[in-house]
Amino acid sequence: MRDRQVQDILDWYDRHARDLPWRVGPSARAAGVRPDPYRVWLSEVMLQQTTVAAVKAYFERFTTLWPTVTDLARAEDGMVMGEWAGLGYYARARNLLKCARVVADEHGGRFPETREGLQALPGIGPYTAAAISAIAFDEPEVVVDGNVERVMARLFDIRTPMPAAKPEMKAAAAEMTPNHRPGCYAQAVMDLGATICTPRSPACGICPWREPCLARTAGIQAELPVKAPKKTKPTRYGYAYVARRADGAWLLERRPDSGLLGGMLGWPGSDWNEDPRAAPPIKADWHRLTEEARHTFTHFHLRLKIDVANLPPDAEPEHGTFIPRHEFRPASLPTVMRKVFDLAHGSFENVG
DNA sequence: GAGGCGTGGCA
DNA sequence: TTGCCAAGCCT
């Protein structure tokens with residue numbers, strides 16, 4: 001029975017596999033083309049908790065700037081963080097660089113081929129290690145991500161709430177994983193989860209697993225997997241300070257490596273909490289903008305009051321660094337900081 | 001084990 | 001507007 005289902009989803013994948021920039025499609029794979037482990041790794045890290053649509057442009061940009069893991073290992077930290085800006089979960093970018101440097105310096109520029117070897121690297125956990133091993137090296141590893149959990153919960157009608165159901169999902173995934181074409185199988189299940197077995201309104205009518213799917217038989221496919229309700233997000237408040245020196249340089253600061261937006265550039269500002277204290281980085285004639293910047297993070301809403309100021313050529317702030325006008329790219333800021341800039345920059349006159 | 005950690009799209 | 005969701009990892 002399991003062999004029948006594996007064959008059915010592989011047949012479906014051979015006909016309907018998504019064409020993705022980092023993917024070697026089923027026909028090319030059958031012709032002997034092997035995926036580049038560097039590109040598989042880079043795409044998997046970018047795809048952690050992130051949509052394919054958001055990742056595509058970043059993947060193209062990164063692989064153009066840094067075609068190999070050795071190239072990436074030699075990049076400057078600030079350059080990589082700036083290129084990652086907007087993609088979110090910035091610890092991924094810091095770990096990406098760490099990982100590239102370990103692979104370049106300690107593994108001769110080649111990725112380990114085993115799940116164990118891969119999972120020892122920074123930013124590579126159980127899912128990513130199994131995925132790289134399966135996709136890049138065609139090892140029959142059990143690949144379990146959110147897609148696989150959803151598909152298995154439905155195929156086997158697993159009603160145990162998450163995250164308690166994880167061991168059952170893993171066992172179900174292990175039961176299904178084939179020794180033949182494991183890389184294609186892993187990508188097939190993820191494509192199925194992304195395009196047919198979707199969280200809401202799954203397209204069961206065109207699913208290659210519609211017959212054996214126990215949740216569909218019971219009519220509860222859209223209710224699975226069962227998840228605990230989310231906690232409501234609190235709102236925090238803060239101040240952001242946008243200052244421009246007379247020569248057009250902007251006063252920014254590099255945030256500490258750990259914590260929220262770690263390692264990213266941002267505007268100087270206060271702490272973000274229920275009752276923040278204003279904390280300008282330099283004595284100046286600050287002007288408060290009418291509009292606040294609003295942004296929502298994973299676990300709280302944020303509202304920032306924005307102060308702007310022009311600084312003299314010899315300004316010496318208590319903290320922060322002046323970024324010359326021609327070196328400053330708003331796109332290299334995390335989104336919340338870019339929102340602040342978008343609101344503030346209109347209040348400055350152009351400098352020739 | 002639970003919480004921290006981004007962002008944008010969509011119902 | 002609000003909530004939910006997307007190929008998790010780290011502490």
Side-chain angles (χ1 to χ4, degrees), chain A residues 18 20-23 39-59 81 84-96 98-99 118-136 141-151 161-164 166-167 169-170 173 183 185-195 197-202 222 225 227-236 255-264 266 272 294-302 331 333-339:
Chain A
R18 286 178 292 172
L20 302 172
W22 47 85
R23 173 176 284 178
R39 293 167 64 88
V40 174
W41 162 74
L42 180 61
S43 67
E44 288 298 339
V45 173
M46 286 183 166
L47 286 162
Q48 288 166 7
Q49 299 290 285
T50 308
T51 58
V52 165
V55 164
K56 279 181 177 172
Y58 285 85
F59 179 84
M81 300 309 290
W84 196 275
L87 202 53
Y89 285 132
Y90 297 101
R92 293 185 296 171
R94 301 192 302 272
N95 285 329
L96 190 82
K98 283 186 199 168
C99 182
L118 288 161
Q119 199 172 328
L121 296 167
I124 299 183
Y127 161 73
T128 305
I132 296 172
S133 187
I135 296 169
E141 294 292 346
V142 181
V143 179
V144 183
D145 72 332
N147 283 311
V148 177
E149 287 178 342
R150 185 170 60 255
V151 171
M162 295 292 284
K166 282 179 175 288
M169 314 253 191
K170 173 80 179 293
Y185 170 81
Q187 295 174 91
V189 178
M190 287 190 279
D191 275 20
L192 188 73
T195 64
C197 197
T198 54
R200 295 173 288 223
S201 323
K227 293 187 178 179
K230 312 258 172 155
K231 292 174 183 171
T232 62
K233 292 177 167 65
T235 299
R236 297 183 191 172
R255 299 172 63 87
D257 264 345
S258 64
L260 192 66
L261 309 180
M264 301 299 290
W272 298 342
R294 293 187 178 208
H295 191 72
T296 298
F297 292 100
T298 311
H299 52 298
F300 65 94
H301 303 291
L302 178 65
L333 299 177
T335 299
V336 63
M337 299 297 175
R338 186 179 50 71
K339 285 182 180 178

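The sequence lines fix the lettering, A, B, ..., with proteins before strands; numbering per chain opens at 1.
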Is any side-chain heavy atom of [X] less than 4.5 Å from a side-chain heavy atom of [Y]?
| X | Y | result |
| --- | --- | --- |
| A/L260 | A/F300 | yes |
| A/M169 | A/V148 | no |
| A/I124 | A/N95 | no |
| A/L20 | A/F59 | no |

When all nucleic acid strands are considered with a 4.0 Å heavy-atom cut-off, which category describes [X]: base, sugar-phosphate, or nothing?
| X | answer |
| --- | --- |
| A/L302 | nothing |
| A/S43 | nothing |
| A/G262 | nothing |
| A/I124 | sugar-phosphate |
| A/K233 | nothing |
| A/T335 | sugar-phosphate |
| A/W84 | nothing |
| A/R294 | nothing |
| A/K231 | sugar-phosphate |

Whole angstrom value for the distance that separates [atom2] of [N] from [atom1] of [X]:
| X | N | atom1 | atom2 | value |
| --- | --- | --- | --- | --- |
| A/Q119 | C/dG8 | CD | C1' | 11 Å |
| A/E44 | C/dA6 | CD | P | 16 Å |
| A/H301 | C/dT2 | NE2 | P | 7 Å |
| A/K230 | C/dC4 | NZ | P | 7 Å |
| A/Y127 | C/dC10 | OH | P | 14 Å |
| A/H299 | C/dG3 | NE2 | P | 16 Å |

Under a criterion of less than 4.0 angstrom to any heavy atom of chain A, what are the 5'-terminal and 3'-terminal contacting nucleotides of DNA chain B?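 Using the under 4.0 Å cut-off, the span is B/dG3 to B/dG8.
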Regarding A/E44 and A/Y127, is there a side-chain donor-to-acceptor distance under 3.5 Å anywhere?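 Yes, because at least one side-chain N or O of A/E44 sits under 3.5 Å from a partner of the opposite role on A/Y127.
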Between the side chains of A/R92 and A/Q48, does any donor sit under 3.5 Å from an acceptor?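 Absent: no donor and acceptor within the cut-off.
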Rounded P spacing from B/dG6 to C/dT11 in Å: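 Their P atoms lie roughly 14 Å apart.
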Could you give the distance separating B/dC5 and C/dT2 at their P atoms, to the nearest angstrom?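 Looking at atom P only, C/dT2 and B/dC5 are 22 Å apart.
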Can you pull out the residues from residues 46-54 of chain A that lie within a 4.0 Å heavy-atom distance of DNA chain C?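 Per residue number, the list reads A/L47, A/Q48, A/Q49, A/T51, A/V52.
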For C/dA6, take OP1 and OP2 only and decide whether either is under 4.0 Å from a side-chain N or O of A/R150.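 The answer is yes; a side-chain N or O of A/R150 sits under 4.0 Å from OP1 or OP2.
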Mind running side-chain contact (heavy atoms from CB on, under 4.5 Å) on A/W41 and A/L121 for me, showing each step along the way? CA-CA 11 Å; A/W41 162 74; A/L121 296 167; over 6 Å; no
Counterpart residues, side-chain hydrogen bond (donor to acceptor under 3.5 Å, both in side chains), relative to A/T296 (two or more places apart):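 With neighbours one apart ignored, the set is A/H301.
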Please test A/M264 against A/W84 for side-chain contact (heavy atoms from CB on, under 4.5 Å), starting from the C-alpha separation and ending with a verdict. CA-CA 9 Å; A/M264 301 299 290; A/W84 196 275; 5.6 Å; no
Aromatic ring centroids of A/F297 and A/H299 under 6.0 Å?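 Aromatic pair excluded; centres sit 6.0 Å or further apart.
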